Structures are given as C-alpha cells and as structure tokens.
Amino acid sequence: MSARRELPDSPYLTAIAGRKPSRVPVWFMRQAGRSLPEYRELRAHHKMLDACFDSELVCEITLQPVRRHRVDAAILFSDIVVPLRGAGVDLDIVPDVGPVIAEPVRTAADVAALRPLDPEQVTAVAEAVSLLVAALEDVPLIGFAGAPFTLASYLVEGGPSRTHARTKAMMLADPDSWHELMTRLTDLTIAFLTVQLDHGVDAIQLFDSWAGALCLADYRRFVAPHSARVFATLAHRQVPMTHFGVQTGELLGAMADVMRPAPATMVGVDWRTSLTDAAARVGAGIALQGNLDPAVLLAGWPVVERAARAVIDDGRCAVDAGAAGHVFNLGHGVLPQSDPEILTDLVSLVHSL
Ligand code: 1CP
C-alpha cells in the first residue's frame, strides 16, 4: 500500500474540495481512446481487454491524452468490466459493440455462482496505478469503477442495451435475487476501487452510466442503498469522489444523497440539465462536473467556443447557487470521431477563461 501524494496545487482536487482553484480544471471522459491517432496505432496490435491487463499499455494509453491536451487529470485506462473478468466472468469487449457476457446472469442460481474479485487477477491494474502516480508528477490520477446497477445491466442483458428491459424486469419480478446480485457487485466494486486506492490513485469516479433509465422511486429502492455502501465504505480513505450517470436529471438529488458520508464529493451532470439547476438539485457543498454536449465538438470551433463559454458561465452561476466548485468536462465521453486538435484547443480556452 503506497502513501497518498499531496497535490495541493491541483486545480481538479482543489475544486472538488470546495476551495478556489487557480483556473477552471478540465478533463474529458473517454479522453483516452479512439479520438487519438496514437491510441488507434497502439490498439491496432492489441485487443481492448488484453490492453487493460498489460500494465505498460495501460500506463502509455492513460498518459497519451495528458501529454497531448494538457488536461488537469488523468483517468486510468481500464474498463468497468475489468473487475468482472477478475472475478472469473467469461466476457469480451467487442469492437464497435462494447462488453459482451458469454453467459448472462438471470436466475437466483446464476447470481449465487458469481464469485468475488480475486486481487491476483488485477495485479496489472495495480502495477499500472503505481507506475502512473510516479510518472504523472503534479497531475492527479482518477481511478474508477462501474456502479453496481450499470454492471448489473451488462450482466443481465448480456451486453449493451438501449432499454435495460431484462434488467428492470428482474429487479421488479425477483427483488431478492436482484438485491443479492447488487450486494455481490457492490463488494466487487469496493474491492476493485480498494486495489486502485492502495496503489495511490488520487481520486475516484463511480460510473453509473445507465442509472438514468430508472425512475426516482426505483432508483431509491433498488439501487441507492448499494451505491451508498460503496461511498460509505470508502469514505475513510479521504479521497475526492465523483458520481456520474447520463440522463440522470431526475436522480441528481438521490445520487448526491448516497455520497453524503464521503469528505469531498462531486456529481457529474450530462448536457440535458444546466449546472445551475443541478446545483439546486444536489444541494449545497457538492461540486459539479460537466457538461458540454460531446456532439458540439463535431460542429466546428466557433460553435465549440460559444458553447464552452456558456458552460463556464453556467458553472459560475452554479457555484453562486451553492455548488462547492466546477470541473469542466463533457456531459458524457468523447465521441471517437472528434478532432483531437479541437479538444486541445478547448483545454486552452477553458484555462484562459
Ligand atoms: O479515457 C477514458 O475515459 C478511458 C477509460 C475508460 C472508461 C472510464 C474506458 C475505455 N471505459 C470506461 C468506462 C466504461 N466502460 C463505462 C462508463 C463510462 C461511460 O459511460 O462511457 C461504460 C458504460 C463502459 C462499457 C463500454 N466499454 C462501452 C459502452 C457500451 C455500451 O453499452 O454502449 C464500450 C464501447 C466499451 C469499450 C471501451 N472502453 C474504453 C474504450 C476506449 C473502449 C472502446 C474500445 C475501442 O474500440 O477502442
């Protein structure tokens, strides 16, 4: 277990902690990946999951966008299904599709067969974190995991889904199996984040990307207690934590509530909700991350500049309305067809404002 770094000048960590950063911090979800020619070049020789289990490749791919764009945070190159693989689940990440599970989890017996994370299976991730905190000097490294609901969706559906219908059906028809599944996935998420924390990540982000598919009542009943256990269990590690999902406008208050015991917290907001509205929904004292529409990056620089200035202005209003701080990001991941030069220019613009 390595001692945590002190990065008192990091604008990213400062903003989450509710202090005034030297500039508006900016990083991008999916900043590593197919928008970068140097990533495509590396990936031409390695499959996605193989890359996630190769510490040198994880390190290099994580650093690529930091070198190129001068972002204020690095995010560990990995995937939310990596700990599932580390628990022995047979899965693959299929190009242009996403995670595909060989034997979907749909019955009480399937749930009972799920095993915990074997830390020996993710030593490459642990090694990569150690290498990265040594290489990154003054840039914080964000570790991450999928939240139990979003992991459950891949396991139950067997792959990506637009409606999450089978997942919701299991949740509503067989609540006992559902809560048992969520309990096991919560343990897995905590174990995977613990490995990353033990090796020195400076912050963590929990991706509940698809939680926005649920209504508030179902989120509170079937998901919130489990996500809350992730934050409550890790609160004593004293690292900043972010909670993110798309289409979560109606859930933002509940997503903030489940983080309450953690010391420095931030909620990620997609482009459908203004940061000022989000500040009112999450309540005072929580920082906000977001929320430029990723599609804006495809519309040419004048449009990007105007939209980015609007996000910065909205972030200022959110802070005036009680948000602890604002970290500039997209409302979801960088689209693969984005021009990397626009991303670099966007970082410079945000830093100049
Ligand atoms: O810079 C970074 O952010 C890279 C690290 C990263 C992260 C944080 C990757 C690499 N994946 C993730 C998390 C992840 N994976 C999430 C949560 C974030 C989000 O909402 O985007 C989710 C839902 C996944 C699942 C997944 N993995 C998908 C989505 C499928 C769907 O349901 O629509 C896909 C396409 C993948 C593969 C993947 N993961 C990461 C990359 C770069 C890729 C594409 C692989 C490639 O073709 O190069």
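All ligand and atom numbering here is 1-based and tracks the order in the structure. Since the model is a prediction, treat every value here as computed from it, not as a measurement.
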Handout entry: With Val71, the side-chain contact (heavy atoms from CB on, under 4.5 Å) member among Val347, Val139, Leu346, Thr344
Key = Val347
Problem - contact_flag Ser78 ligand 1 heavy-atom lt 4.0 Å - result: yes
Handout entry: Leu76 touching ligand 1 at heavy-atom level, < 4.0 angstrom
Key = yes
Exercise for the section: Look at atom 19 (C) of ligand 1 and find which of Met29, His332, His46, Gln31 reaches it with the closest heavy atom. Expected result: His332
Exercise for the section: Compute the shortest N/O to N/O distance between Pro95 and ligand 1 and return yes if it is under 3.5 Å, no if not. Expected result: no
Handout entry: Closest protein heavy atom (residue, atom, distance) for atom 15 (N) of ligand 1
Key = Asp79 OD1, 2.9 Å
Problem - Lys/Arg N to Asp/Glu carboxylate O, Glu38 vs Arg67, below 4.0 Å - result: no
Practice task
Answer yes or no: are there more than 12 heavy-atom neighbours, outside Gln337 itself, under 6.0 Å from its atom CD?
Solution key: yes
Fill in the blank from the handout: Ranked by distance from atom 35 (C) of ligand 1, the top protein heavy atom is Gly98 CA, 3.9 Å
Practice task
Do me a favour and list the nearest non-hydrogen protein atom to atom 22 (C) of ligand 1 with residue, atom name and distance?
Solution key: Ile80 CD1, 3.6 Å
Practice task
Run the numbers for me: atoms of ligand 1, each under 4.0 Å from some heavy atom of Ser209, listed by number.
Solution key: 17 (C), 18 (C), 19 (C), 20 (O), 23 (C)
Problem - Per-atom contacts of ligand 1 with Phe207, taking only distances under 4.0 Å to non-hydrogen atoms - result: 8 (C), 17 (C), 18 (C)
Handout entry: ligand 1 contact on Arg30 by region, counting heavy-atom pairs under 4.0 Å
Key = both
Problem - Under 3.5 Å: donor-acceptor pair, side chain of Ser274, backbone of Asp277 - result: yes
Exercise for the section: Check ligand 1 against Ile93 and write out every atom of the ligand that is under 4.0 Å from a heavy-atom position of the residue. Expected result: 37 (C)
Problem - atom 4 (C) of ligand 1: the protein heavy-atom neighbour that sits closest, reported with distance to 0.1 Å - result: Ala32 O, 4.0 Å
Problem - Ser338 side chain vs Leu335 backbone, donor-acceptor pair below 3.5 Å - result: yes
Practice task
Would you check if Val269 and Thr248 make a side-chain contact, meaning some heavy-atom pair closer than 4.5 Å?
Solution key: no
Handout entry: Ligand-side contact atoms (ligand 1) for residue partner Pro99, heavy atom cut-off under 4.0 Å
Key = 25 (C), 26 (C), 27 (N), 28 (C), 30 (C)
Exercise for the section: Let me see the working for Tyr12 and Leu7 under side-chain contact (heavy atoms from CB on, under 4.5 Å), right down to the final yes or no. Expected result: CA-CA 10 Å; Tyr12 170 83; Leu7 298 172; over 6 Å; no
Exercise for the section: Could you tell me whether the side chain of Thr186 reaches within less than 4.5 Å of the side chain of Val230, counting heavy atoms only? Expected result: yes
Handout entry: Tyr154: numbered ligand 1 atoms lying under 4.0 Å from its heavy atoms
Key = 23 (C), 25 (C), 29 (C), 30 (C), 31 (C), 32 (O)
Handout entry: Nitrogen or oxygen of Arg43 less than 3.5 angstrom from that of ligand 1
Key = yes
Problem - Lys47 and its salt bridge (Lys or Arg N to Asp or Glu O under 4.0 Å) partner, picked from Asp92, Asp54, Asp79 - result: Asp92
Problem - Nearest-contact summary for atom 7 (C) of ligand 1 - protein heavy atom, Å - result: Phe144 CZ, 3.5 Å
Handout entry: Electrostatic pair Asp187:Arg184 at N-O distance under 4.0 angstrom
Key = no
Practice task
Please check if the side chain of Asp118 supplies one atom and the backbone of Gly86 the other of a donor-acceptor pair under 3.5 Å.
Solution key: no
Problem - Which of the ligand 1 atoms, numbered from 1, are nearer than 4.0 Å to a heavy atom of Tyr39 - result: 42 (C), 45 (C), 46 (C), 48 (O)
Problem - Per-atom contacts of ligand 1 with Val97, taking only distances under 4.0 Å to non-hydrogen atoms - result: 30 (C)
Handout entry: Enumerated ligand 1 atoms positioned under 4.0 Å from heavy atoms of Met48
Key = 10 (C), 38 (C), 39 (N), 40 (C), 41 (C), 43 (C), 45 (C)
Practice task
May I ask whether Arg40 has any heavy atom positioned less than 4.0 angstrom from an atom of ligand 1?
Solution key: no
Problem - Main-chain N/O of Val133 paired with Arg5 side-chain donor or acceptor, under 3.5 Å - result: yes
